[in-house]
Amino acid sequence: MAKGLTKMEDNYSQWYNEIVMKADLAENSAVRGCMVIKPYGYSIWEKMQAVLDGMFKETGHENAYFPLFIPKSFFSKEASHVEGFAKECAVVTHYRLKTDENGEIVVDETAKLEEELIVRPTSETIIWNTYKNWINSYRDLPLLINQWANVVRWEMRTRLFLRTTEFLWQEGHTAHATKEEALVETKKMIGVYAKFAEEYLGIPVHIGTKTEKERFAGAEETYCIEALMQDGKALQAGTSHFLAQNFAKAFDVKFLNKDNKEEYVWATSWGVSTRLMGALIMAHSDNNGLVLPPKLAPIQVVIVPIYKSVEELDMISERVENLAKKLRAQNITVKYDNRDSQRPGFKFAEWELKGVPIRLAIGPKDYANNTWEVARRDNFEKQIIADDNILEHIKTLLVEIQENIHQKALNFRTQNTYKVDDWEEFKNKLETKPGFIEAHWDGTSETEEKIKNETKATIRLIPVNPVLEQGKCIYSGKPSNFRVLFAKSY
RNA sequence: CGGGGUGUAGCGCAGUCCGGUUAGCGCACCUGCUUUGGGAGCAGGGGGUCGGGAGUUCGAAUCUCUCCACCCCGACCA
């Protein structure tokens, strides 16, 4: 058991916070609600970015960059959009400081902005204002743009990675000639997110649409992926919105079609954020610390030497460097932990805390026998492997660990997903064994609201292709044709 | 933003109620020696705006006011 790490079953949120900090992923900063992402944590984010960026480009998107500031007036152009974000905006009102008579630095009241600038909470408005100039003809469409950026949402309560005032994300903003094409894009991108979650994060996700209440401000349809965390709460891991012609109308973005007729452009937007870091931590980690899927681990293999003398270390180091070179040639990231200041046991514990998938140890015995001790982070199994086979073994093992992590998460989700048809059981499950609940719903916002108020559970999503079956709404008893997915959520 | 809690060395804490030597302890850090197959031992050493500001007092980590930050529970949200 890791020293000083709170157990997940004793206090889940404390366990989470400790992993984030002890594994050197991030820490709180001097600014309320804003975190410092530390190098180890940031390198995981960089890996996520690289993979996602590649997937966006494969699907025809290009990167661009739009301003951090948005004129206040832009927000009022789309009614539901402003309503959704107004309560959590940072506003820039002045552009100068001065030293007052007491030598204090104060805001120079004479330097007041004519129109306040909003620090973007999301970029639909500034982007659609720009698209107006870019789009004239159907030949300019589709316009497939993504931007990597930081955004600010002034949340009341923040948590490292899960909800910070400033966060990093990507936001795709596409423009299309037809509704059908925009809908295809919306679904395509939620598919990209789901593939990324399953294959890279190793997190199984459900795909579906949000209810009207939970929909993005300004969207006509919101697709989402939802994942289950180890405390039985759901986490929205990515969203893709069909914005219809709402923003085109708000910003007057029209194009001439082949028949020389003016039409409004159809829009989508989609995003994932550093919240994925939170998902990654909460989905896989254990009481020994972080567990990273090999595909996203900054260090895939760590090598710890065991020695008694400098001569012994030199001998071992030569063999280690030899293997490290071969591993790097296969694009496997290796860390040789030859610090003399720490003993092996300390290093073992530390690299487990940091989630490194594979640990190799080599001491005099292994050196003499031409072997390596191989330990996996996901299930703690140890094996002695001959030097001749070590390269192939590691390659296979990395694949195996990636799969095993995903499988474990999938098993967990299966064991914590319940079909419930009785209201009392519904409430009881949420209190005693939270997880996903598949239940019938009458399709009304009133019922959704009442269920939320009485149980804290929300409809996470409406399945894309629901299994049709006759049933009765868990709350109202009214008829329903399929089940929706309920859970308590982050 | 409402309720509760916390803030003393890099980390974890004692001291605060009841003001009074030079503010302690453990881990970490530095030096040396011995060690090294699951979080080493001994010896020596360095490090403090007691969260910030103002006030009460001969004297404040301790009392008062105020501001800030963090944690937990709600409401809001990715």
Side-chain angles (χ1 to χ4, degrees), chain A residues 1-6 11-14 16-18 21-22 24 27-35 83-89 102 104 121-122 151-171 193 210 213-217 222 224-227 234-241 269-279 288-289 304-310 312-313 316 338-353 359-369 371-373 375 380 382 384 452-453 456 458 489-490:
Chain A
M1 192 59 53
K3 257 188 200 167
L5 184 64
T6 298
N11 186 337
Y12 193 82
S13 55
Q14 195 175 329
Y16 173 82
N17 277 325
E18 286 180 11
M21 293 198 268
K22 292 186 183 209
D24 261 342
E27 62 188 32
N28 285 306
S29 71
V31 184
R32 178 186 205 127
C34 296
M35 65 180 166
E83 198 181 318
F85 287 103
K87 282 179 285 182
E88 51 187 43
C89 286
N102 304 320
E104 300 279 332
T122 179
V151 289
V152 167
R153 295 183 189 173
W154 215 265
E155 302 288 354
M156 289 304 156
R157 197 171 149 201
T158 59
R159 291 193 67 190
L160 291 165
F161 288 119
L162 296 174
R163 186 175 299 107
T164 45
T165 301
E166 177 191 13
F167 57 97
L168 307 182
W169 78 343
Q170 59 68 218
E171 47 182 328
Y193 290 155
K210 286 293 185 191
K213 241 174 72 64
E214 302 268 331
R215 206 173 282 158
F216 176 75
T222 289
C224 64
I225 51 171
E226 290 280 334
L235 184 78
Q236 179 175 304
T239 48
S240 181
H241 315 291
S269 71
W270 29 272
V272 293
S273 71
T274 35
R275 175 178 254 203
L276 289 179
M277 294 284 295
N288 286 282
V304 177
I306 297 155
Y307 56 93
K308 287 192 166 63
S309 64
V310 179
E312 218 164 54
L313 177 62
I316 287 168
N338 60 355
R339 287 176 296 176
D340 195 35
S341 54
Q342 307 296 352
R343 301 166 86 233
F346 180 93
K347 294 177 184 177
F348 292 171
E350 183 172 273
W351 294 113
E352 275 162 16
L353 178 62
R359 183 189 71 234
L360 301 184
I362 175 166
K365 280 183 248 165
D366 301 289
Y367 187 88
N369 299 332
T371 58
W372 300 82
E373 184 195 77
F380 298 105
K382 281 186 197 173
I384 303 296
K452 186 184 175 185
N453 290 340
K456 307 269 187 288
T458 51
S489 75
Y490 277 96

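So that the names make sense, note that chain A is the first sequence line, chain B the second, and so on, each numbered from 1.
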inquiry  = Using a 4.0 Å heavy-atom cut-off to protein, can you give one letter per nucleotide of nucleotides 70-75 of chain B, 5' to 3': B if the base is in contact, S if only the sugar-phosphate is, - if neither?
reply    = SSSBBB

task = In whole angstrom, give the distance that lies between atom CD of A/E214 and atom C1' of B/C76.
result = 12 Å

request  = For nucleotides 29-38 of chain B, just jot down a letter per nucleotide in 5' to 3' order: B, S or -, based on protein non-hydrogen atoms under 4.0 Å.
outcome  = S-----BBBB

query = Can you tell me how far C1' of B/C11 sits from NZ of A/K22, to the nearest Å?
reply = 8 Å

query = Does B/G39 pair with anything, Watson-Crick or G-U wobble, both distances under 3.5 Å, and if so, with which nucleotide?
reply = none

query = Which part of the nucleic acid does A/L235 contact within heavy-atom distance under 4.0 Å: base, sugar-phosphate only, or nothing?
reply = nothing

task = Under the ring-ring contact (aromatic ring centres under 6.0 Å, His included) rule, collect the residues that match up with A/F161, sequence neighbours excluded.
result = none

ask   = Angle class for the A/H241/A/F216 ring planes (parallel below 30°, perpendicular above 60°, tilted otherwise)?
value = parallel

message = Restricting to non-hydrogen atoms, name the atom on A/Q236 and the atom on A/R275 that form the minimum distance, rounded to 0.1 Å.
response = O-NH1, 3.3 Å

Sequence-distant partners of A/E18, side chain to side chain donor-acceptor pair (under 3.5 Å), two or more places apart = A/T6, A/Q14

note = In Watson-Crick or G-U wobble terms, with both distances under 3.5 Å, the base opposite B/A54 is B/U64

message = Holding to ring-ring contact (aromatic ring centres under 6.0 Å, His included), I want the full list of residues that pass it with A/W154, two or more places apart in sequence or in another chain.
response = none

inquiry  = Does atom NZ (A/K87) have a neighbourhood of more than 12 heavy atoms from anything else shown, all under 6.0 Å?
reply    = no

task = Find the partner of B/G46: check Watson-Crick (N1-N3 plus N6-O4 or O6-N4) and G-U wobble (N1-O2, O6-N3) distances, both under 3.5 Å, and reply none if neither fits.
result = none

query = Using a cut-off of 4.0 Å on non-hydrogen atoms, how would the nucleic acid contact of A/Q236 be classed: base, sugar-phosphate, or nothing?
reply = sugar-phosphate

message = Under the rule for side chain to side chain donor-acceptor pair (under 3.5 Å), what residues qualify as partners of A/N453, not counting sequence neighbours?
response = none

